[in-house]
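Notes to accompany the following structure.
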Amino acid sequence: MTDPRRQRRVISWYFALAGFVLALWGACLPSVQNRLHLGVGALSVGLLCTALGMTVGLQAAGRIGDRVGAHRLMRPSALALALSLLGLGFSRQFSVFLAECALLGLSHGALDVSMNITATRCQRAYGKLIMQSIHGVYSCGALAGALAAAATAGLGLGPQTTFAGGAAVAAATLLALPAATGIDGQHRLAEASKTRRAHTARPPRVLVVLSAVAAASLLGEGAAADWSAVQMHLTLHAEVALSAAAYACYSAAMALSRFFGDRVAQALGPVTLVRAGGLLAAAGLGAGLLVSSPVLALIGWALFGAGLAAVVPCAVTAAASIRPGRSGQDIALVSSAGYLGMVIGPAAIGAIASTTTLTTALTLPAALALAVSAAAGSVRPQHVEIPE
């Protein structure tokens with residue numbers, strides 16, 4: 001049998017590379033916009049293509065992963081993600097840009113689901129919780145990508161050079177990695193034999209609740225990414241550099257919490273961890289919105305990130321346990337809901353802020369963190385037995 005520790009290392013590399021590539025893309029997006037002379041509307045069309053591609057990738061990978069083994073999708077999806085980054089750097093026509101955006105979303109969605117399916121099955125073979133630390137590696141990869149983008153921008157290099165270098169690093173790393181095999185296939189076959197009598201097409205109620213929990217959590221992440229610096233600068237009149245540190249504090253606290261989260265979940269259980277995390281996130285962001293000190297507001301954003309850190313890994317683990325023979329499709333459903341929250345959330349906050357204040361609008365993710373705490377019972381792993 002394949003060593004689960006070896007599998008964990010391989011899967012962690014995939015998570016790190018996904019975070020690295022997507023951080024490069026996000027950090028260099030303004031440069032791409034300027035190079036192609038895209039207005040806000042044209043850029044929005046590109047981002048919409050990315051979202052549509054991601055939705056297709058998530059759903060397709062969930063179904064294919066249940067049939068042939070998710071581990072088989074990881075390398076081609078990751079390579080496609082790296083190549084789409086390269087294409088975005090050198091695209092000169094708007095139509096090509098849109099196609100590359102769709103490919104980026106498609107490959108990202110397929111990689112996201114295939115990684116999470118394989119990771120949950122590796123966790124089962126591992127014998128203890130590892131999902132949070134694996135998601136923490138994703139955060140580290142994203143931090144590395146953001147730093148790499150900042151370094152190349154500081155050297156005066158354009159997005160073509162940054163994307164070409166990032167794609168080359170990602171592709172070389174992927175080709176050097178051993179294949180993620182064995183565990184995924186063995187568990188897939190065992191689970192399929194248990195669940196070959198079809199479940200109803202309607203998802204169980206707990207899966208719907210898990211999807212809502214993931215959407216609420218990732219709405220908070222989108223709010224932190226898009227609005228934390230704005231809130232610091234406009235509301236608290238912080239300097240630009242200090243304002244930019246808000247999302248860094250959020251991300252660093254989330255990554256650090258995830259590296260310790262598995263031990264806490266093992267000791268207290270995922271329900272207690274998510275319930276306490278939701279309360280911490282709500283209290284941290286709520287207090288941060290009330291203070292007038294930028295430094296205290298940074299602490300609030302950090303507590304918000306630390307509180308939300310466990311939610312998505314625990315939700316994915318729970319989703320994989322509901323209908324084992326269809327775990328790929330169930331993970332895809334939860335992931336799709338999560339990314340929908342991440343996309344819609346910042347826009348909703350902007351709409352609320354336009355009619356009230358930004359401080360009032362940012363109470364939305366704080367309130368949703370309380371809702372996550374209230375729905376924490378949904379993250380308890382389970383297995384639905386099919387009567388013979």
Check your understanding: How about S378 and V213: do any of their side-chain heavy atoms sit closer than 4.5 Å?
Key -> yes

Practice item. Quick one: pull up OG in S243 and NE2 in H237 and give me the separation to the nearest 0.5 Å. Key: 10.5 Å

Review point. Are V113 and I117 close enough that some pair of their side-chain heavy atoms sits under 4.5 Å apart?
Key: yes

Revision key, fill the gap. Sorted by chain and residue number, the ring pair (Phe, Tyr, Trp, His ring centres under 6.0 Å) partners of F97 (sequence neighbours excluded) come out as none

**Study point:** Straight-line distance of S336 OG to I331 CD1, nearest 0.5 Å
**Key:** 11.5 Å

Exercise for review: Would you kindly confirm whether F304 and Y247 end up in one hydrophobic cluster when ILVMFWY residues are joined by side chain heavy atoms under 4.5 Å apart?
Suggested key: yes

Check your understanding: If we only count heavy atoms from C-beta on, is the L289 to Q231 side-chain gap below 4.5 Å?
Key -> yes

Practice item. Flag yes if I322 and L129 sit in one hydrophobic cluster, no otherwise; membership is Ile, Leu, Val, Met, Phe, Trp, Tyr, and two members link when side-chain heavy atoms are under 4.5 Å apart. Key: no

Please list every donor-acceptor pair under 3.5 Å in which a side-chain atom of residues 340-352 meets a protein atom from a residue at least two apart or in another chain.
none

Check your understanding: Which heavy-atom pair separates C28 from A149 by the least distance, and what is that distance?
Key -> SG-CB, 4.1 Å

Exercise for review: Please report the closest heavy-atom contact between A320 and S327, naming both atoms and the distance.
Suggested key: O-CB, 3.6 Å

Check your understanding: Can you list the residues that meet the side chain to side chain donor-acceptor pair (under 3.5 Å) rule with S107, with sequence neighbours excluded?
Key -> none

Check your understanding: Going by side-chain heavy atoms closer than 4.5 Å, which hydrophobic residues are tied to L290, directly or by a chain of links?
Key -> none

Check your understanding: Are F20 and M115 co-members of a hydrophobic cluster defined by side-chain heavy atoms under 4.5 Å apart?
Key -> yes

Would you list the atom pairs, donor with acceptor, under 3.5 Å between side chains in residues 81-93 and any protein atom, with sequence neighbours excluded?
unit_1, atom_1, unit_2, atom_2, d
S84, OG, A80, O, 3.4
S84, OG, L81, O, 2.7
S91, OG, L88, O, 3.3

Check your understanding: Run the side-chain contact (heavy atoms from CB on, under 4.5 Å) check on V312 and E221 step by step: do they pass?
Key -> CA-CA 11 Å; V312 171; E221 186 163 338; 5.9 Å; no

Check your understanding: Where do L273 and G261 come nearest, in terms of heavy atoms and distance?
Key -> CD2-O, 3.6 Å

Point to revise | Shortest non-hydrogen contact between A361 and P365, atoms and distance | key: O-CD, 3.8 Å

Review point. Other than V291, what residues sit in its cluster of Ile, Leu, Val, Met, Phe, Trp and Tyr side chains whose heavy atoms are under 4.5 Å apart, directly or through others?
Key: L280, L296, I299, L303

Check your understanding: So, the side chain of T363 versus the backbone of T359: is there a donor-acceptor pair under 3.5 Å, distance only?
Key -> no

**Study point:** Full working for side-chain hydrogen bond (donor to acceptor under 3.5 Å, both in side chains) between R380 and S321
**Key:** CA-CA 9 Å; R380 182 180 290 109; S321 71; over 6 Å; no

Exercise for review: Output all residues satisfying side chain to side chain donor-acceptor pair (under 3.5 Å) with T357, sequence neighbours left out; order by chain, then residue number.
Suggested key: T360

Review point. Out of D330, V206, V334, which one pairs with S211 under the side-chain contact (heavy atoms from CB on, under 4.5 Å) rule?
Key: V334

Exercise for review: Decide if atom CZ of F260 counts as having more than 12 heavy atoms of other residues, nucleotides or ligands within a radius under 6.0 Å.
Suggested key: no

Check your understanding: Are any side-chain N or O atoms of S373 and backbone N or O atoms of A369, one a donor and one an acceptor, separated by less than 3.5 Å?
Key -> no

Practice item. Output all residues satisfying side chain to side chain donor-acceptor pair (under 3.5 Å) with R275, sequence neighbours left out; order by chain, then residue number. Key: none

Review point. Got D112 and Y339 here, is their nearest side-chain heavy-atom distance under 4.5 Å?
Key: yes

Check your understanding: Using links of under 4.5 Å between side-chain heavy atoms of ILVMFWY residues, direct or through other members, which residues join V56 in one cluster?
Key -> L106

Check your understanding: With hydrophobic residues grouped by side-chain heavy-atom distances under 4.5 Å, do V271 and V372 end up in a single group?
Key -> yes

Check your understanding: Should V21 and I134 be regarded as members of a common hydrophobic cluster, given that ILVMFWY residues are connected when their side-chain heavy atoms come within less than 4.5 Å of each other, either directly or indirectly?
Key -> yes

Exercise for review: Please round to the nearest 0.5 Å and tell me the distance separating atom NE2 of H233 and atom CG of L236.
Suggested key: 11.0 Å

**Study point:** Non-hydrogen side-chain atoms of P313 and R258 separated by less than 4.5 Å
**Key:** yes

Check your understanding: To the nearest 0.5 Å, what is the distance between CH2 (W25) and SG (C101)?
Key -> 4.5 Å

For residues 154-179, which side-chain N or O atoms pair as donor and acceptor with protein atoms under 3.5 Å away, sequence neighbours left out?
unit_1, atom_1, unit_2, atom_2, d
T162, OG1, T152, OG1, 2.9
T162, OG1, G158, O, 3.2
T173, OG1, V169, O, 2.8

**Study point:** Heavy-atom side-chain proximity of C122 to I130 below 4.5 angstrom
**Key:** yes

Revision key, fill the gap. Between A376 and V274 the two heavy atoms that sit nearest each other are CB-CG1, 3.9 Å

**Study point:** Hydrophobic cluster of L279, others only, ordered by chain and residue number, side-chain cut-off 4.5 Å
**Key:** L370

**Study point:** Non-hydrogen side-chain atoms of M131 and C314 separated by less than 4.5 Å
**Key:** no

**Study point:** Distance-minimising heavy-atom pair for G220 and L308
**Key:** CA-CD1, 4.3 Å

Exercise for review: For the pair R72 and I64, evaluate side-chain contact (heavy atoms from CB on, under 4.5 Å) and give the outcome as yes or no after the intermediate values.
Suggested key: CA-CA 10 Å; R72 301 181 188 277; I64 296 172; over 6 Å; no

**Study point:** Pairs involving residues 132-146, ordered by first then second residue, that meet side chain to side chain donor-acceptor pair (under 3.5 Å) (sequence neighbours left out)
**Key:** R8-S133, N116-H135, S133-D262

Exercise for review: Supply the atom-to-atom distance L58 CG to Q329 CD, rounded to the nearest 0.5 angstrom.
Suggested key: 13.0 Å

Point to revise | Neighbour count >12 (heavy atoms, 6.0 Å) for atom CD, Q266 | key: yes

Exercise for review: Nearest 0.5 Å please: distance from the CG atom of L364 over to the CH2 atom of W227.
Suggested key: 12.5 Å

